[in-house]
There are 2 protein chains.
Amino acid sequence: MSNRLIQAMKSKGLRITSQRRWIAELFSASNGFVLPRQVHSYIAQHLPGVSYDTVYRNLRLLADLNLIEQFDFPEGVRFKLRCGPDRHHHHLICIQCQQTIPIDFCPLEKDLNLPTEFQVVSHKFEVYGLCGSCAAS
Amino acid sequence: MSNRLIQAMKSKGLRITSQRRWIAELFSASNGFVLPRQVHSYIAQHLPGVSYDTVYRNLRLLADLNLIEQFDFPEGVRFKLRCGPDRHHHHLICIQCQQTIPIDFCPLEKDLNLPTEFQVVSHKFEVYGLCGSCAAS
DNA sequence: GTGGATGCAAATTCTTTGCAAACCC
DNA sequence: GGGTTTGCAAAGAATTTGCATCCAC
């Protein structure tokens, strides 16, 4: 029950309510991107009566604290547990199940030949496709 | 007045209204990402009384027809003219003025060492930062 | 003339906010 | 107990839809 997210929340001084415990539970069990409404219906299975805005507020809070990662998909915003600070990496993202698979390759480590006057601040690199199990089915 | 977007709209069988002419004008004059409301206020300067939903509907339509590119920024969705079919490329994107600068480098042409069971469908690679003029000011 | 496009208004959906009651520490 | 968090309800914002009128072809 004391997963990484719970620990991180504690260290930020947040109170560990049952709602937050289940949010942490969900993100720890999945490495994919989920929609706010998916989070809410998951929590509601365990805590009937949980309000949508509590879930939403917590997702926003966790994203602001940089504990989860926010990502804008065409169907709307999705969240996933932020990867540990171990090593910079990117992801393969399954377009079917939103599962993510880390990859080590980073384009910015290559010789990009960028115009010198452009000051790089950040970058985004993702590969979309079908993961092994989604491709099989 | 007969820019690429206008031609593309004609070839899709769309009627060229003055609203659409100004939308085409805007996208042809800019290589950056613009918000729907920016598009609307630009059109409204030339066509007072143009409705927001007409602009919005047309942006959606052009995006569906793949003539403009939709992109989700934190402040909301933005659009820009789709690059010509000349050569696959990526962009530097200025986080200040949303200007884009094409770059030839494509990570997928490199040796990524992806897991073989993953079927790649598409990819995204963008570099964010400050363009020359924004960095100077 | 006719079907597609527009403008208006209202409906949906998504996201945010205020506040009293409930609960964690 | 005290300050956070929650649930409810309502406000805002973004996006979509219905429909009569208008206009490009």
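The figures that follow rest on heavy atoms only: side chains count, while hydrogens, waters and symmetry mates do not. Throughout, protein chains are lettered first and strands after them, A, B, ... in sequence-line order, and every chain is numbered starting at 1.
When the C1' atom of dT5(D) is taken as reference, atom CD1 of I16(A) falls 12 Å away, rounded to whole Å. As a whole-Å value, the separation of Q38(A) CD from dC14(C) C1' is 15 Å. Atoms CZ (R21(A)) and C1' (dC23(C)) sit 12 Å apart, rounded to a whole Å. One interatomic measurement links the two molecules: CG of L59(A) to P of dC14(C), which rounds to 14 Å at whole-angstrom precision. Atom CG of L14(B) and atom C1' of dG4(C) are 9 Å apart (whole Å).
Considering only residues two or more places apart in sequence or on other chains, I43(B) meets the side chain to side chain contact (heavy atoms under 4.5 Å, CB included) condition with W22(B), I23(B), V39(B), L47(B), V50(B), V55(B). In this structure, R15(B) has no side-chain hydrogen bond (donor to acceptor under 3.5 Å, both in side chains) partners at least two apart in sequence or on a different chain. With sequence neighbours left out, the salt bridge (charged side-chain N to carboxylate O under 4.0 Å, His left out) criterion links R82(A) to no other residue. For R20(B), there are no salt bridge (charged side-chain N to carboxylate O under 4.0 Å, His left out) partners two or more places apart in sequence or in a different chain. By the salt bridge (charged side-chain N to carboxylate O under 4.0 Å, His left out) test, E109(A) is found to be paired with no residue, residues two or more places apart in sequence or in another chain being considered.
Ring geometry for H88(B) against H90(B) counts as perpendicular: the plane angle is over 60°, on a 0 to 90° scale with 30° as the lower cut.
Under a 4.5 Å side-chain heavy-atom criterion applied to ILVMFWY residues, the cluster that includes L112(B) comprises L92(A), I101(A), I103(A), F105(A), L108(A), L112(A), L114(A), F118(A), V120(A), F125(A), V127(A), L92(B), I101(B), I103(B), F105(B), L108(B), L114(B), F118(B), V120(B), F125(B), V127(B) as well. Connectivity analysis of hydrophobic side chains (ILVMFWY, heavy atoms under 4.5 Å, direct or indirect) links F33(A) to F71(A), F73(A), I93(A), I95(A), Y128(A), L130(A), V121(B).
Listed by first and then second residue, the side-chain hydrogen bond (donor to acceptor under 3.5 Å, both in side chains) pairs that reach into residues 34-46 of chain B come to none, sequence neighbours excluded. A salt bridge (Lys or Arg N to Asp or Glu O under 4.0 Å) check over residues 87-101 of chain B, counting only residues at least two apart or in different chains, returns the pairs R87(B)-D104(B).
F27(A) is not listed as a side-chain neighbour of R4(A), based on a closest heavy-atom distance of 4.5 Å or more.
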Which parts of nucleotides 6-16 of chain D does protein reach within less than 4.0 Å, heavy atoms only, written one letter per nucleotide 5' to 3' as B for base, S for sugar-phosphate only and - for none?
-> BBBB----SBB

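Two end axes, each from the C1' atoms of five base pairs, can be drawn for the helix from dG1(C)-dC25(D) to dC25(C)-dG1(D); they diverge by 40°, to 10 degrees.
DNA chain C lies under 4.0 Å from no heavy atom of any residue of residues 65-73 of chain A.
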